[in-house]
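Both counts, for ligands and for their atoms, begin at 1 and track the order of listing. One-based numbering along the sequence shown.
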Amino acid sequence: MHNAEILHAEKCPVIKMIGSEPAVADAIRENCPDDVDLETLDDQADLSSHLEEDGQPVDVVLLGTSPDLAVQIAQRIHTIDKFLPVIILTRPEACRPLRRTLMFSPFLGSEVIPWSSEDLTALPNALMEAVNRRRQRQRHHHALCRAQVRFEKLPHLKPELNQYLDQLLDCAPIGVMTIDASGVILTLNHQAQEILNATNRITLGGALNDLFSKDDHPVIANLRTEIATGRSPSAQRTVRLRETDSVRKYIAITMAPLCYRNTMRQPGLMVILQDVTSRVDAEAERRDAEEKLRKHVKTLRKFHEISTREDICFDEKLSGVLKLACAQFGLAAGMVTSINGEEFDIIASVGSMDLDGLQNAGLHSNRFCFRAIKSKEPYTYVGDGQGPNCSGINKSCETPVAYIGVRYLVNDIIEGTLCFWGNKAESDEFTDADKELIKMMGQWLGREWQRARSEARMRKLSSALEQAADAVMITDRNRMIEYVNGSFECMTGYSKEELIGRPAGVLRSGFHDQEFYNQIWRLISSGKAYRGELVNRKKDGSIYHEQRTITPLRDANGEITHFISTGHDITELVETQRQNRLHQSELTHVARLSTLGEMTSGLAHELNQPLCAITTFTQTCLRMLSAGEYKPDDLYYGLQQVLRQAETATEIFRRLRMFSRKGEIEECSVELGQIVGEIESFVESEALQNLINVHFDVPDRLPPVWADRIQLEQVLLNLVRNAMEAVSERDPGCRNVTITATRNEETEVTVDVRDSGHGCPPDIANRLFEPFFTTKEKGMGVGLGISQSIVEAHGGRLWLEETSPQGSVFRFTVPQAKGEKDE
Ligand code: ADP
């Protein structure tokens, strides 16, 4: 915007000219806006009157006089108005010297400008700019003056302001005070009075310090110094109010300087007060609780340390724990008691307190311990000994008697108490943490004792096991060996190290099939004990017989966790039994055979006669035939004699067979199962010894047969022994003999004796039943023949049912008992 336009909005610019030529005045007038008031004055005196008069103020003065005079006029003007712009018109060459002159002339302001008289076209604009500068300066000056006036009025408004502020502060929720530099209270609001429990009358004019506890005076003094010296703009401290009538109050004091705007001088300090008693109390409580917690944690850690130490014995641990708890509870003595009828025996104790002395004084622990025993939770007592059930004890004692005790259990049975007692220095009750701690210690004590006792029991038990003559093996549920005793090592030849961790099946000999072991496993898994004989193999490969009992072991919940097996080597016994049976059987056999032998030699003599007679008669007949001199009657007679003698020989042989049957048949109803049982026990030891698996398969509901029990036994025994001899050449594990009995449709019972032997080649098979036919070195060759005679005498049959290189089956039948047949 053009300067002239700015001015236009205000009063019109006033320019005074002195000594200017009329041509110059015209040129300016031409180029200036219309509203410019341009007046030419005759001399400087006129100007002075214009400047000092009230009226339209002059904006710019234009001097067209000589330079010297112009400087003088400017000096005069500036003594009146230092900021009035003066433009001096001068010749161009004089401009520079004039500027220098102006620079060093006194009493001149900055608004004196030399202007070349040749540059008249730009002059109007320069004049307008000077007018603008002049007007702006005047505006600033006026604003300053107005502010000054208002400022000067301000002190007159102050009382009102103060009142307003006081009202405001009285309603404020914080206490506000002012104190002077020496700490004297100047003002305080309503809230401050409340906080300080004091009225204006008491506090105004008094010292700030007097309101607070003496201990805190240095704190307040420091705070004041800190604020007064400006080290910090404001600071807060918590101090305690002077105690009156047991009122305990904590005040947070914040101080800030009070200072005037135009001076650094501090008339005093502003003090903000806040009642922080509840906060301080809460803080103290928190600290207290924290401290207790820390102490408790420390004790717990220590307790854990002591109870888990491995380098000290249990008694040392117990003593450490008792001492620790004494320190925690602040009590003099600690002890472990065990209940003994109406009394408690002290079994461990620590502490400086003379327990006997206390007991004598009537402070009898029993009363407290009985209470502790009855409750699951710890029992505590803090008092003067006059409490329930405590009448008359410790009357003379002024400090409170304190007791804390808890019962402890060993194997779920209450055994006694863990308790602490003495004169409690701290009057407060036991805390929950104390109760938890003693409870934990009681549980630990019970557990430790339980463990110690079971360990002692285990030691006794294991030493008994170790010493036991029986071989003992303990396996886990999965039949892995966990323990074997010395006898077991001796019996098997394996060391503990070789057996522990291995499956119990390591001892299997191969004699029993898998089904046999499965049966045992099913039995013991169902919780029953197994008793029986096992054929096992030692480390050196030899076979031994063991009488074994396997019993399941159960845990507290009744779950089977282990199996204990006890047994002893019965190999010698089995062998002796076998020998005995063999001997017995041989005796029987030999007795029979020797009688048979005697009979045979006797009969041989008897047989000799018919045979000689047959030979003689046959030779005579042959001789007559070859001589051609014979009569048919003679030949007839001779052959008749041969026949008669042959019949005599047959009769002799028949009698021999009859003899071996031991006399007359005494038939009756016989349970085949019983006969089989007899045979089973008879061959059992021999079968075990020779690792032959003899299996009897006779159904329970088999009908009885009509037979002579002894003779039927002889037949079956003979067939089974033949079968066992046939399989003995096979490898162990392939030696099987099976006896099966079935009821057939023909109202008979069929018995099969099946073996896995070498079988009978056809040339042998054809001669099996011939008298005295044998393939065995010590055989008699009469067994099968006699057996066949016996069976046939009972109305049954005996034959070789099948044979192959994999084995043979001998079969015989016997009629069922009569009652059964009729069914
Ligand atoms: P011994 O047993 O005294 O030889 P036996 O009359 O009982 O007399 O047997 C006659 C023969 O029959 C035996 O020597 C044997 O060769 C054969 N024998 C008997 N039983 C069987 C069998 N189960 N397997 C193979 N051969 C057999």
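Side-chain contact between D697 and I739 is absent, with no heavy-atom pair separated by less than 4.5 Å. Between L719 and L784, the closest side-chain pair of non-hydrogen atoms falls below 4.5 Å. The shortest side-chain heavy-atom distance between Q816 and W706 does not fall under the 4.5 Å cut-off.
A distance limit of 4.0 angstrom between heavy atoms and ligand 1 selects the residues N722, A726, D755, H758, G759, C760, L768, F773, T774, T775, K776, G779, M780, G781, V782, G783, L784, S808, F810.
Residue pairs meeting the side-chain hydrogen bond (donor to acceptor under 3.5 Å, both in side chains) criterion with at least one member in residues 480-489, sequence neighbours excluded, are E466-Y483, E482-H562.
Across E713 and I679, no two heavy atoms sit closer than the pair O-CD1, 3.7 Å.
Counting only N and O atoms by type, the side chains of S787 and N718 include a donor and acceptor under 3.5 Å apart.
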